[in-house]
Amino acid sequence: QVQLVESGGGLAQAGGSLRLSCVASGGAFSGYSTGWFRQAPGKEREFVGAISLSGTTTDYADSVKGRFTISRDNAKNTVYLQMNSLKPEDTAVYYCAADRNLYGTSRRVNRYDYWGQGTQVTVSS
């Protein structure tokens with residue numbers, strides 16, 4: 001079974017950048033669609049972006065569109081979330097999720113079967 005590990009979180013100033021990585025093991029990552037979600041204190045987990053298993057289709061939440069970019073390197077079993085122009089409201093725990101039976105993209109939390117442990121992103125003003 002696939003296991004996901006996120007990394008790259010940390011502290012950033014407003015307007016700064018961070019790149020998150022999600023590394024998969026235990027399965028062929030090329031066979032999984034992947035999403036990024038985030039959860040701020042006291043808030044529900046929300047959709048950030050997603051990328052299809054082929055990497056040809058992406059989807060982004062309106063709140064991050066134009067600032068965040070998802071990419072994947074199946075040869076390295078890694079999915080990335082490049083975050084630019086960070087805002088304080090981007091502060092949250094960011095989670096990588098994957099599903100083998102999703103050939104497009106999904107914004108639904110309950111659509112994904114596999115989740116990483118999360119990585120904290122904190123943006124100061």
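Only a predicted model underlies this, so the values are computations on that prediction, with no experimental measurement involved. Throughout, residue positions are numbered sequentially from 1 according to the sequence presented.
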Q | Flag if over 12 foreign heavy atoms under 6.0 Å of NZ, Lys76 | A | no
Q.
Using a 6.0 Å cut-off, check whether atom CZ of Arg100 has over 12 heavy atoms from anything other than its own residue.
A. no
Q) Rounded to the nearest 0.5 Å, what separation is found between the OG1 atom of Thr69 and the CG atom of Asn84? A) 6.5 Å
Q) What distance separates Ile51 CD1 from Ser71 OG, expressed to the nearest 0.5 Å? A) 6.5 Å
Are any of the side-chain heavy atoms of [X] and [Y] separated by less than 4.5 Å?
X      : Y     : result
Met83  : Arg19 : no
Val48  : Leu81 : yes
Val121 : Thr91 : no
Leu86  : Phe68 : yes
Trp36  : Val79 : yes
Ile70  : Tyr80 : no
Gln82  : Ser17 : yes
Val23  : Leu4  : no

Q.
With a 3.5 Å distance limit and no angle check, can you tell me whether Glu44 reaches the backbone of Gln39 through a side-chain donor-acceptor pair?
A. no
Q) Within the distance-only criterion (no hydrogens, no angle test), does the side chain of Ser52 pair as donor or acceptor with the backbone N or O of Tyr103 below 3.5 angstrom? A) no
Q: Quick one: do Leu102 and Tyr112 satisfy side chain to side chain contact (heavy atoms under 4.5 Å, CB included)? Show the steps, please.
A: CA-CA 8 Å; Leu102 177 60; Tyr112 295 88; 3.9 Å; yes
Q: Please lay out, stage by stage, how Arg67 and Asp90 fare under the test side chain to side chain contact (heavy atoms under 4.5 Å, CB included).
A: CA-CA 11 Å; Arg67 299 188 297 119; Asp90 294 320; 2.8 Å; yes
Q.
side chain to side chain contact (heavy atoms under 4.5 Å, CB included) for Glu6 and Leu20? Distances and angles first, verdict last.
A. CA-CA 7 Å; Glu6 303 98 332; Leu20 306 184; over 6 Å; no
Q) What residues form a salt bridge (charged side-chain N to carboxylate O under 4.0 Å, His left out) with Lys87, not counting sequence neighbours? A) none
Q: For residues 40-109, pull every pair meeting disulfide bond (SG atoms under 2.5 Å apart), keeping only residues two or more places apart or in separate chains.
A: Cys22-Cys96
**Q.** Nearest non-hydrogen partners of Ala14 and Pro88, listed with the distance
**A.** CB-CD, 4.2 Å
Q: Please report the shortest heavy-atom distance between Val2 and Ala24, naming the atom on each side.
A: CG2-CB, 3.7 Å
Q: Given side chain to side chain contact (heavy atoms under 4.5 Å, CB included), test Thr78 with Arg72 step by step and report yes or no.
A: CA-CA 6 Å; Thr78 303; Arg72 68 188 300 162; over 6 Å; no
Q) Does the cation-pi check pass for Arg108 over Phe47, that is, NZ or CZ under 6.0 Å from the six-membered ring centre and within 45° of its axis? A) no
Q | Side chains of Tyr94 and Arg38, donor plus acceptor under 3.5 Å | A | yes
Q. Less than 6.0 Å separating the ring centroids of Trp115 and Phe37?
A. yes
